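First up is the structure itself, then whatever we jot down about it.
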Number of protein chains: 2
Amino acid sequence: MKEHSVTIYDISEQAGVSIATVSRVLNNSSNVSEATKKKVLNAIKDTGYTPNAFARGLGLNTMKTIGILAADSSDLYLAKAIYYFEEELRASGYDSLLCCTGYAHKDKKAAIELLISKKVDGIILVGSNFVYPDVADNKYILSAAEKVPVMLLNAELEGNNIYCVSSDDYKSMYKATGELIGSGFRNILYFYNSLSYSGALKERGYRDAMKDAGINVVERQLQFFEGTREDVHGMAAQLEKTASTGLKFNAVIAADDTLALSAVKYALSKGYKIPEEFSVIGYNNSMLATCSEPELTSIDNKLETLCQKLTATLMGVLSGEEMPKKTIFGGEIVTRGTTKGGTSK
Amino acid sequence: MKEHSVTIYDISEQAGVSIATVSRVLNNSSNVSEATKKKVLNAIKDTGYTPNAFARGLGLNTMKTIGILAADSSDLYLAKAIYYFEEELRASGYDSLLCCTGYAHKDKKAAIELLISKKVDGIILVGSNFVYPDVADNKYILSAAEKVPVMLLNAELEGNNIYCVSSDDYKSMYKATGELIGSGFRNILYFYNSLSYSGALKERGYRDAMKDAGINVVERQLQFFEGTREDVHGMAAQLEKTASTGLKFNAVIAADDTLALSAVKYALSKGYKIPEEFSVIGYNNSMLATCSEPELTSIDNKLETLCQKLTATLMGVLSGEEMPKKTIFGGEIVTRGTTKGGTSK
DNA sequence: ATCTCTGTTGTAAACGCTTTCAGCTTTTTT
DNA sequence: AAAAAAGCTGAAAGCGTTTACAACAGAGAT
């Protein structure tokens, strides 16, 4: 299998030119006469030669590769983002090296270092759970940015060589909460499962919307779900338990569609009429939104646009252009069966 | 940014040893005294040195990297598989280079060649849509296998250096169809969206089960959905349309949970009682199964086990061991709300 | 006919690491 | 105490590219 593979020397010999010329043809650089070019190309075809990426990388010091880091590629939202990134990067002539780190800090750090040692030309951190509330914990990102540009999706961090593209989670959540309030709901539960950067924004959006409407929020109204991100049963059970302890709520605003879906399940099991007696708004407008019955009203933050913008920014940075360090896109509420039209009750 | 980075020479100088010794410490190979080892490690820490993967690769001719190819990382099932592979590979000291190819043949071929040019040590093809019914179309896999081992998940292809690990889709589908028949259903629709290798197996399972039960199948009973894999509405609409043309069916067996979910939606919209008047069985037992209401009976083919087995096989191959070229795992039916217990009606 | 310029090609030195081989220093054996 | 073995270390030769530099031919200018 791993015999002596064809090298540039073999080509040079067969074509009767020097290796420099072969290399020039390979990179179709500078001036090579048509005649020799043809000879070389023929030899390449004959031998089935493919350049050795290592050697090439050694010389060029770039692999034309971008490292993508995501906590969990099986998360619907992250998976979609990864897909878009892959697509955009390939279109720009870059390949991607994906690492799924899991949610532990140590692993994230190790993964980022690994990518750098693989000589990626840039790093994309997908999802806000790479940025911690405690600034000291983000040092690992800063030191990565000393070597290659670091792009953050849906998170913000100031630093040299760090660029952020994110959705306006604060405003989206503020608006969505406002819509529930506008429909006459006051006992609105906020259901979340991530303490990430954007998670904090969402929470603030919820709190501010409630406050601005003059509604008092008790801490138990913010329910944190600790289980896995797919455990719909567990989520519904937590709502059930919360209700059974006496907290009243007839609307749920969720930080994620899965959580929202569990709220629908819960409400149905209680016999509530949706959306009249019980409303739900999800987040991300994933395919789950149309899977649910009734279908979920959900916040769409135009992931594809975000990913495109982020990739474009990265490409700009790599080619030495000055690029905006922070870009924010607004989201929109996609109204479906779990909320009323939005007119006040 | 891209200043002169720290090399093994800097370390050797700072530690007062030769580069050979540094290299030895790096690979914790052979015999290095504790004292010098410590000196070197300190120097490494001080300088923040990371080895250059290219140079290393040039010497070793391996990047310790496995290429993972999947058509679409945002497909729930594939995403999950990718996640497991990443995890397993990392545990074995390998990194992964992921390429999402899309569903077009040309792109798959290009992606596989790209991976090889990046000097991956092996390739994993995730999902059966890499193997075509027409043998000639699979040549691109065979020629990849001339360079590195190729692993197939849920597909089969004979060839040197090709290894397959798959679920027993034929048997699972046969059993599942049989279960519906056993519950008294005869007008069972088969709903699918992929012409892949495993897709063909599933179809055959369905057909044989029907035949063995003495039930005649008309071609319109096999419904192929052409739209995107997430378009639940479109799927339900197709069922609706099929029914409106006069074809009667009161059970659906789907090649995928999303399809099954759309069948549930359809049945509910028609006012059928599930599972008594209308039953549904999905495939893959994804999170969608528990999202649906009622929840989906679905076939679980133990993806994690498959992925572990596949990775283990690959590791074996890479270390020169003789490995089975074909491994098949049986699946099991997870019964939930869309089917009766299984006792005959 | 000489000189300069331009276009094309070859030579050789990097790039940063691994690894063989040989040499030196210990330790163990006899 | 001498000989043999074992343990460490360093020098140097690759690995397959890219690229700066030199060289050389032929064309145009003088």
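This is a predicted model, so every value here is computed, not measured. Hydrogens, waters and symmetry mates play no part in the numbers below; they use all other heavy atoms, side chains included. Letters A, B, ... mirror the listed sequences (proteins, then strands); counts begin at 1.
Among all heavy-atom pairs drawn from Phe130(B) and Leu69(B), the shortest one is CE1-O, 3.6 Å.
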Under 3.5 Å between N/O atoms: give me all the protein pairs with nucleotides 23-25 of chain D, atom names plus distance.
none

Pairs under 3.5 Å (N/O, protein and nucleotides 19-21 of chain C):
from    : atom 1 : to       : atom 2 : distance (Å)
dT20(C) : O4     : Arg24(B) : NH2    : 3.4

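Residue Ser18(A) places its side chain closer to dG10(C) than to any other of dT18(C), dG10(C), dT17(D).
Looking at residues two or more places apart in sequence or on another chain, you find a ring-ring contact (aromatic ring centres under 6.0 Å, His included) between Tyr140(A) and His105(A). Under the rule for a salt bridge (Lys or Arg N to Asp or Glu O under 4.0 Å), the partners of Lys80(A) that lie at least two apart in sequence or sit in another chain are Glu230(B). Annotation: salt bridge (Lys or Arg N to Asp or Glu O under 4.0 Å) contacts of Lys326(B) (sequence neighbours excluded): Glu156(B). Residues that satisfy the side-chain hydrogen bond (donor to acceptor under 3.5 Å, both in side chains) test with Thr313(A), not counting sequence neighbours, are absent from this structure. In this view, Lys39(A) satisfies the side-chain hydrogen bond (donor to acceptor under 3.5 Å, both in side chains) rule with no residue, not counting sequence neighbours. Considering only residues two or more places apart in sequence or on other chains, Thr65(B) meets the side-chain hydrogen bond (donor to acceptor under 3.5 Å, both in side chains) condition with Lys118(A). With sequence neighbours left out, the side-chain hydrogen bond (donor to acceptor under 3.5 Å, both in side chains) criterion links Lys119(B) to no other residue.
For the pair Leu26(A) CG and dT17(D) P, the computed distance is 8 Å after rounding to whole Å. At whole-Å resolution of the value, CD1 in Ile8(B) and C1' in dA12(D) are 14 Å apart. With rounding to whole Å, Arg56(B) atom CZ is found 17 Å from dG14(D) atom C1'. Atom-to-atom, NZ of Lys119(B) to C1' of dT17(D) comes out at 12 Å; the value is rounded to the nearest Å. Leu58(B) has its CG atom 17 Å from the P atom of dA14(C), to the nearest Å.
Contacts with DNA chain C (heavy atom under 4.0 Å) in residues 33-52 of chain A: Ser33(A), Thr36(A), listed by number.
Within the structure, side-chain hydrogen bond (donor to acceptor under 3.5 Å, both in side chains) contacts touching residues 40-55 of chain B (residues at least two apart or in different chains) do not occur.
Dense packing is recorded around NZ of Lys325(B), with more than 12 heavy atoms of other residues, nucleotides or ligands lying under 6.0 Å away. Applying the 6.0 Å contact sphere to CD of Glu322(B) captures no more than 12 heavy atoms from other residues, nucleotides or ligands.
End-to-end axis angle of the helix from dA1(C)-dT30(D) to dT30(C)-dA1(D), from C1' rotation axes over five pairs per end: 40° (rounded to 10 degrees).
Here Phe54(B) lies out of heavy-atom contact (under 4.0 Å) with every strand.
OP1 and OP2 of dG16(C) both lie 4.0 Å or more from every side-chain N or O belonging to Thr7(B).
Judged by distance alone, the side chains of Tyr197(B) and Asn138(B) never bring a donor and an acceptor atom under 3.5 Å apart. A side-chain donor-acceptor contact under 3.5 Å links Lys108(B) and Tyr132(B).
Checking Val17(A) against Ala55(A), the closest nucleotide of DNA chain C that is more toward the 5' end is the one next to Val17(A).
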